[in-house]
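Everything below concerns the one structure shown next.
Chain naming here is simple, since letters A, B, ... match the order of the sequence lines and numbering starts at 1 in each.
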Amino acid sequence: MKREKAMSRYNAKEVEAKWQASWAEHKSFEVEADPARPKYYVLEMFPYPSGRIHIGHVRNYTMGDVVARYKKAQGFNVLHPMGWDAFGLPAENAARDKGVHPADWTYANIAHMRDELKGMGLSLDWSKEIATCHPGYYGHQQKLFLDFFKKGLVYRKESWVNWDPIDMTVLANEQVIDGKGWRSGAVVEKRKLDQWMFRISDYSEELLNALEKLDRWPDRVRLMQQNWIGRSTGAHIAFDIIGEDDPLNIYTTRPDTLFGASFMAVSADHPLTQRLAKDNPAVRDFVAECHRMGTSEEAIEKAEKKGVDMGLKVAHPFIKGKTLPVYVANFVLMDYGTGAIFGCPAHDQRDLDFARKYGLDVTPVVSPDDQTPEIGDTAYVGPGRIINSDFLNGLEVEAAKAEVIRRLEELGKGAEKVNYRLRDWGLSRQRYWGCPIPMIHCAKCGTVAEREENLPVKLPDDVTFDKPGNPLDHHPTWKHVNCPECGGEATRETDTMDTFVDSSWYFARFCSPRADKPVERDKVDYWLPVDQYIGGIEHAILHLLYSRFYSRAMMQTGWSHVEEPFAGLFTQGMVTHETYKSASGEWLLPDEVDQNDAGNLIEIATGKPVTVGGVEKMSKSKKNVVDPGAIIEKFGADAARWYVLSDSPPDRDMEWTDAGATGAWRFVQRLHRYILENRDMAAAPGTAMPGEFSDAAMKLRKAAHKTITQVTENIEELHFNNAIARIYEFMKALSEYKFEAGEDGKWALRESMEVIVQLIAPMMPHLAEELWQALGHDTMLVETAWPKADPVLIVEDRITMAVQVKGKLRATIEVALNEESKRVEEIALAEKKVQNAIGDAPIRKVIVVPNRIVNVVI
RNA sequence: GCGGGUGUGGCGGAAUUGGUAGACGCGCUGGUUUUAGGUACCAGUUUCUUUGAAGUGGGGGUUCGAUUCCCUCCACCCGCACCA
C-alpha cells in the first residue's frame with residue numbers, strides 16, 4: 001500500500017532522466033555564433049576535477065543555469081559551456097600516494113563529475129566541453145605564450161620559492177605548515193630559482209583605471225583589486241652611505257616625515273644585506289632566520305618585528321652631521337619599492353615597534369594640534385602640521401610632501417615616484433602535471449622559443465613519482481632536444497605553467513573549442529565578453545586579475561578585441577553545515593547522525609549522544625559535508641536546485657539543512673499534485689481570452705501578472721531567494737482560488753497555471769517541462785518565450801499608507817494612488833487611533849511622503 | 001599584521017536603498033482529514049511585567065523618521081601572490 005501511494009507521487013528520478021534525454025536529443029542547448037541574434041554568455045567558474053561535485057558546485061551551477069535558461073527564454077542566443085580546470089597538485093599527490101597516473105586519475109574524475117553534472121539538468125552545451133590538461137587545449141596555450149614572449153610580455157627572473165631540502169622540491173604555501181614541509185617535516189628554506197614571469201605590472205595603471213568601467217562587478221571586488229594593485233605616490237630618496245660610493249635608495253610614501261627618521265631598514269634579500277652577510281655572522285644568521293619564515297606576505301607581516309644593526313651609517317640628506325644606523329629587518333619586503341626604507345617611529349606603527357625594541361629615537365614630526373604629541377606605544381598616523389622639521393615646519397602633510405620632494409630634487413637626492421604593490425606574475429612551477437613551457441635552453445643560443453610547428457609540446461606519459469623533485473627533469477629523454485636555432489644539443493625547459501594560466505583564457509577558448517588555433521576571431525568577436533560570470537569570492541583577486549591581464553595580452557597579440565573578459569561578475573557565498581562530534585570526540589558525517597524519539601541528536605552506529613558544533617564551511621576534515629549525489633537521489637535534482645536557491649541570498653553563505661531540502665521537495669510534490677488534480681478545471685490550451693472577468697478571476701490574474709513582474713526583476717538582479725518567495729506567495733493565491741464555472745474563470749486558471757510553470761522553469765526545469773506537457777502542450781517549454789506581464793493588470797488604484805505619530809506607527813489608512821498630500825493628511829488626522837496618540841499636544845508639523853507614509857510631529 | 005565582507009525571531013532570511021521591521025520558507029503549537037505516517041489541509045507563532053512598551057551584534061550620533069547614513073567597540077568569514 002505504501003508503494004501505491006508513492007507511485008501516485010511525482011517520480012522525480014524518472015521524470016528528470018526523461019527530460020534530460022529529451023534535451024540532449026533535441027540539442028536544446030547547443031549553440032552557434034549567429035550575428036543576426038543577440039548573444040548572452042553565461043559562465044560559471046569551471047571546476048577542478050577532484051572526483052565528485054560538492055554542494056558548492058550545485059549552488060554555483062544552479063545559479064548560472066537559472067540565468068542561462070531565463071536569458072534563452074528572453075530570446076537570447078545563450079552560450080553556456082562547461083570544462084575542467086584539470087591541471088594541478090592533487091593529481092600528482094594521488095599519483096604519489098596511490099600510484100595512479102595523473103592523467104588517468106584526472107580523466108576518471110572528469111567522467112564521474114560529468115555524469116553528476118548531467119544529472120543536475122544544467123542547460124550546458126556539452127559539445128563545447130574542454131579540459132585544460134588535454135593537448136588540444138594546452139598546445140594553444142603554448143602558442144599564446146610564445147606570442148606573449150615575442151611581444152616582451154614574458155621574461156625570466158630569479159625569485160624566491162619555498163624549498164623542501166629532503167623532498168628536493170618546491171612547496172606551495174599551503175604545503176608549508178609551521179615552517180615545515182607537509183610530507184618530509186623538514187624545515188623549509190627560501191631558495192632563489194630562475195622563474196618565468198608575465199609582465200602584468202606593465203598594466204598596473206590600466207588594470208586599475210579600467211576597474212571603474214566594470215559597473216556590473218561587486219564594489220567590494222573592485223575595491224579589493226584596487227588595493228591589491230596598490231598605487232601609491234611617494235618618493236625615491238638616495239641616502240649617502242658613509243664610506244661608500246653608492247647610495248642606499250629607498251622608497252617612502254611619507255617623505256614629509258623625513259626629519260623624524262631614526263634608522264634605515266633593508267630587506268634580508270637586499271644586495272647590500274647579501275654583501276654584508278659575507279663578513280658578518282650576525283647578519284648571516286638573521287638572513288637565514290628570515291629565509292625560514294616562508295614566502296607568504298601573511299607570515300612576514302605576522303612575525304615579530306626584528307632586525308640586526310649591520311654597522312653601516314647613512315647621512316641624513318637635510319640634517320648636517322646626523323647619521324642613521326642601517327638595520328636588516330624582517331618586515332621590509334624586497335618586492336615592494338626598493339626593498340629599503342627609512343624608519344620614522346613616531347608615525348608608523350611597525351617602525352615604532354621596531355624602535356622601542358632596539359631603543360631608537362622617536363621624534364614626532366606631525367602634530368594634530370601644533371603641540372608636540374606624546375608617542376607611547378601607538379604611532380600617530382593622522383593628519384596635522386609638521387613640527388621639528390626645519391623648512392617643513394608649519395606645513396600640512398600633503399604640502400610638506402611636495403616641498404621635501406622639491407628640495408630633494410634640487411639636491412639630486414630624490415624624486416617623486418609612483419609605486420605599485422602589484423608584482424609581476426611568476427608562472428613557473430617545478431611540477432609535472434601542468435602545461436609545459438615551450439622554451440629551450442641552448443648553450444650556444446641561450447634560451448630560445450620552441451618552433452610553432454612543434455607545438456604542442458606534450459607531457460611525456462611515462463613518468464614516475466618515486467624520486468624527489470620534478471619528474472620532467474628526471475625523464476630520460478624528454479628534455480633532450482635539438483636547438484631550434486642552431487640544431488645543436490639543447491634541453492627543454494622543465495618548468496610547467498601555473499594553473500592560473502590555464503584559467504586565464506578558457507572563457508575565450510569556449511567560443512571555438514575545437515579550433516586549430518587558440519581562438520577564432522569571428523567567434524570571440526561575437527561571444528566575448530562573458531555577460532555573466534559566477535563563482536566564489538575567493539577568486540576576487542588573483543584569477544580575475546590574471547584573466548584581465550590575459551585579455552589585454554591577447555588583444556596586444558591580435559587574438560581578441562576585448563579588454564575586459566567579464567562584463568558582469570557575481571560572487572556567490574559558500575555552503576556551510578553544522579559540525580558533529582561523537583561521544584568519543586571524532587568528527588561525524590551528517591549521515592551518521594540522527595534524531596532519537598526525544599528529539600536529541602545521536603550517533604546512529606552507537607546510539608550515543610552527539611555534540612553539535614558550529615556552522616562552518618564544509619570541509620573533509622570536519623566531515624560536515626553532504627553528498628549532492630545522495631541528495632539528488634533522494635529528492636531529485638529540481639528539489640536540490642530549488643533549495644540551494646530558496647533560503648539564502650546568493651552572495652551570502654547558506655547553511656545546508658535536511659529540513660530545508662525536505663521543504664523544497666514538498667513544494668515539488670505540492671505543485672505537481674495541484675496541477676494534475678486541477679488541470680481539468682482550466683480552459684483548453686489556446687482558448688481565446690474572454691472579454692470580461694469576474695472579480696475573483698481578475699484578482700487571480702492580477703496576482704499572476706504581479707508575480708511575473710516581480711520574479712522577472714528578481715532573476716535579472718540574481719535575487720533568486722526573493723523570486724522563490726514570490727512564487728510561494730503566488731502558489732498560495734492559486735490554491736485559494738475558488739473555481740468558477742464560467743469561461744473567464746477557467747481561462748484565468750489556465751493562465752495562472754501556465755505562469756507558475758513558466759516561472760519555476762529556470763529553477764526546476766524538469767518539473768516545469770513535465771507540467772507543461774501535463775497542461776496539454778506538445779511543444780517544449782525550453783523553447784517557449786518568457787511570460788510578459790500585462791501592464792494594465794499590475795497597477796493598484798488604492799494603496800495602504802502608514803500613519804506615524806512622533807515616528808511611531810499608530811494606524812494605517814487606505815487612499816487612492818497618488819492622492820493629494822493635503823487630502824491624505826486630512827484622512828490621517830481623522831483616524832481615531834491617531835487622534836488618541838496626539839492627545840492634547842499641538843501638532844508641529846505633518847510630513848506626507850506620497851504613497852508611502854504620514855508622520856505627525858508633535 | 002594588511003585588505004575586503006557579514007551580524008535582523010527558535011532557524012535561513014525579507015524590507016521598494018532613509019518611510020508600516022520580521023515577507024517567504026523551516027521549525028514549533030493547536031485543529032481537521034487519513035487504515036497508518038517523517039502525509040495533506042486550516043489557524044497561530046519577535047519579546048515582555050500586554051489599555052502598553054521594547055526590539056535589527058554592543059555603545060553613541062545625525063534625522064520628523066535609521067536594519068539602512070556617521071563614529072566606536074565586539075564576534076565571525078574570505079584573500080594575502082606556488083591550493084584551486
Nucleotide nearest A:Asn721 (side chain, heavy atoms from C-beta), chosen from B:G25, B:U20, B:A14: B:A14
Touch class at under 4.0 angstrom, heavy-atom based, for A:Ser735 against every strand present: nothing
Distance-only donor-acceptor test (3.5 Å): side chain A:Glu298, base B:C80: yes
Ring centroid separation A:Tyr506 to A:Tyr137 under 6.0 Å: no
Rounded interatomic separation in angstrom, taking CE from A:Met731 and C1' from B:C24: 14 Å
Side-chain N or O of A:Asn722 closer than 4.0 Å to phosphate OP1/OP2 of B:A15: yes
Same-atom distance (P) from B:G31 to B:C77, integer angstrom: 44 Å
Donor/acceptor link under 3.5 angstrom from A:Glu301 side chain onto base of B:C80: no
Centroid-centroid under 6.0 Å between A:Phe198 and A:Tyr546 rings: no
Sugar-phosphate only, base, or nothing, as touched by A:Arg810 at under 4.0 Å among non-hydrogen atoms: sugar-phosphate
A:Pro90 vs A:Ile724, nearer the 5' end of RNA chain B by closest nucleotide: A:Ile724
Any A:Arg652 side-chain N or O less than 4.0 Å from OP1/OP2 of B:U6: no
Selection from B:A81, B:C64, B:U20 that lies nearest to any side-chain heavy atom of A:Thr812: B:U20
Proximity to the side chain of A:Leu223 - top-ranked nucleotide from B:U20, B:C24, B:G4: B:G4
Nucleotide nearest A:Met224 when distance is taken to its side chain, options B:G4, B:A81, B:C41: B:G4
Touch class at under 4.0 angstrom, heavy-atom based, for A:Phe500 against every strand present: base
hbond_proxy A:Arg726 side chain to B:A23 base (donor-acceptor, 3.5 Å cutoff): yes
Sugar-phosphate only, base, or nothing, as touched by A:Gln430 at under 4.0 Å among non-hydrogen atoms: base
Side chain proximity check, A:Trp84 to A:Met113, heavy atoms < 4.5 angstrom: yes
Donor-acceptor side-chain pairing of A:Asn721 and A:Asp647 below 3.5 angstrom: no
Under-3.5 Å donor-acceptor pair between A:Gln195 side chain and B:C82 base: yes
Between A:Asn419 and A:Ser232, a side-chain donor and acceptor under 3.5 Å: no
Any A:Thr499 side-chain N or O less than 4.0 Å from OP1/OP2 of B:A84: yes
Touch class at under 4.0 angstrom, heavy-atom based, for A:Leu422 against every strand present: base
Contact nearer the 5' end of RNA chain B, comparing A:Pro649 with A:Gly807: A:Pro649
Sugar-phosphate only, base, or nothing, as touched by A:Gln804 at under 4.0 Å among non-hydrogen atoms: base
B:G27 phosphate, OP1 or OP2, under 4.0 Å from A:Arg666 side-chain N/O: yes
Side-chain donor-acceptor pair present, A:Glu493, A:Trp196, cut-off under 3.5 Å: yes
Closest to side chain of A:Arg431, choosing from B:A14, B:U20, B:C82: B:C82
Sugar-phosphate, base or nothing in reach of A:His543, heavy atoms under 4.0 Å: nothing
Watson-Crick or G-U wobble mate for B:G79, both contacts under 3.5 Å: B:C2
Given B:A40, B:A81, B:G13, the nucleotide with the shortest approach to the side chain of A:Leu542: B:A81
Nucleotide of B:U20, B:G19, B:A84 approaching A:Ala802 most closely (side-chain heavy atoms): B:U20
Candidate nucleotides B:G4, B:U20, B:A40, ranked by approach to the side chain of A:Arg220 - the nearest: B:G4
